[in-house]
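These notes concern the structure reproduced below.
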Amino acid sequence: MEIDQLLVIGFIAIFSAVSGYFKLLKPSGAFSAFLTGLLIWAGFGLKGLILLGVFFLTSSLLSRYKSKVKEHLGEIHEKGSARDWAQVAANGGTAALAGMSNFILPDPVWLIVLAISIASANADTWASELGVLSKQQPVSIKSFKRVPSGTSGAVSGFGTIATAAGSLVIALTAGYLFGMGPGWVFLVFLFGVAGSLLDTLLGAYLQAGFQCVRCHLPTEKLIHCSIPTKQISGFNRINNDAVNFISGFTVAIMGMAVYTIL
Ligand SMILES: [Zn+2]
């Protein structure tokens, strides 16, 4: 192994550890971020790491942004803002698979998978982190009623703009780093937005929704007011992480199919 390769591996390890130290990631999240970084670097080199870094840094900063306003989300979301391994795998797992695939069997199609999966994760994270700051309550796509901000399966005008911006930033960065043509940049952008929309749909129809039996608050938590919540909708094995992974993976495979056909 060359010294510069060791330096990069050391850099990924230190970066993951520092993210853990600053509570952006839980220890399990820092470990899977290290593996994700390693696989993406193996497949796509430093450019791949930069693309992953844009997603990681912007979403970490956005999740810290106006954290006081977002405090009420702790009542709705199953997990806090420090990401655990399942959240890292849900957002970066498909990109890590693309990295491993490109390392073993180099093919331009894996770059499409990488870019789309990161665009989708970025779009979705920006939408959740910025959408909740909207003055207006979002509308549930299932009931068309206004629901508390932060509810899975709800949309707002501001959140939709954040979705498009989040996908566009990754599509443009990927286009610039890897010299992708405008057609492919546009395709990555579209599939990134589609991934976030699919995430909202699955969040509304498949994701398990719970309610506190004491204070009756709708929540994604398994425990509220110190007692177990009861499930009121969705499938009980499908939490937000599963929905994130399925939506990003699905649009990446769809992009792969389009790439193969064109
Ligand atoms: Zn309660």
Side-chain angles (χ1 to χ4, degrees), residues 19-20 22-30 32 59-91 121 123-160 162-163 166 196-248:
S19 303
F22 285 108
K23 304 268 175 355
L24 300 173
L25 299 167
K26 291 205 164 78
S28 74
S32 44
S59 37
S60 299
L61 289 175
L62 285 179
S63 88
R64 293 291 139 141
Y65 178 62
K66 301 213 169 171
S67 52
K68 278 268 173 285
V69 186
K70 293 174 186 165
E71 260 170 10
H72 73 283
L73 297 176
E75 297 292 309
I76 297 175
H77 292 166
E78 184 188 356
K79 297 169 180 177
S81 74
R83 266 72 170 166
D84 66 10
W85 73 269
Q87 286 165 300
V88 172
N91 284 299
D124 194 51
T125 310
W126 283 32
S128 346
E129 297 296 348
L130 288 171
V132 295
L133 299 175
S134 172
K135 293 271 182 289
Q136 281 208 315
Q137 285 196 317
V139 174
S140 159
I141 57 162
K142 198 157 61 171
S143 66
F144 297 106
K145 284 183 184 145
R146 295 217 175 263
V147 289
S149 68
T151 306
S152 288
V155 292
S156 67
F158 193 46
T160 308
T163 298
S196 185
L197 291 176
L198 183 61
D199 193 282
T200 305
L201 277 171
L202 299 179
Y205 289 99
L206 296 187
Q207 188 178 323
F210 300 86
Q211 190 176 27
C212 178
V213 289
R214 187 166 288 160
C215 73
H216 305 294
L217 183 89
T219 179
E220 294 174 7
K221 285 184 178 301
L222 302 176
I223 306 258
H224 198 265
C225 296
S226 315
I227 41 173
T229 52
K230 75 166 190 243
Q231 194 187 338
I232 50 168
S233 60
F235 292 90
N236 89 29
R237 305 295 300 180
I238 301 191
N239 65 2
N240 194 250
D241 300 334
V243 163
N244 277 341
F245 180 77
I246 295 167
S247 49

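We count ligands from 1, going down the list as the structure has it; atoms in each ligand are counted the same way. The structure presented is a predicted model; accordingly, all values stated were derived computationally and were not measured.
- The distance cut-off of 2.8 Å around the Zn ion (ligand 1) captures these protein N, O or S atoms, sorted by chain and number: C212 SG, C215 SG, H224 ND1, C225 SG.
- Under the 4.0 Å criterion applied to side-chain N and carboxylate O atoms, K70 and E129 are assigned as salt-bridge partners.
- By the salt bridge (charged side-chain N to carboxylate O under 4.0 Å, His left out) test, K79 pairs with D84, D241, sequence neighbours left out.
- The 12-atom threshold is not exceeded at CZ of R214, counting heavy atoms of other residues, nucleotides or ligands nearer than 6.0 Å.
- A donor-acceptor pair shorter than 3.5 Å cannot be found between the side chains of H77 and S152.
- In this view, Q211 satisfies the side-chain hydrogen bond (donor to acceptor under 3.5 Å, both in side chains) rule with no residue, not counting sequence neighbours.
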Would you mind writing out the side-chain donor-acceptor pairs for residues 222-229 within the sub-3.5 Å range, not counting sequence neighbours?
from : atom 1 : to   : atom 2 : distance (Å)
H224 : NE2    : E75  : OE1    : 2.7
T229 : OG1    : K221 : O      : 2.8
T229 : OG1    : L222 : O      : 3.1

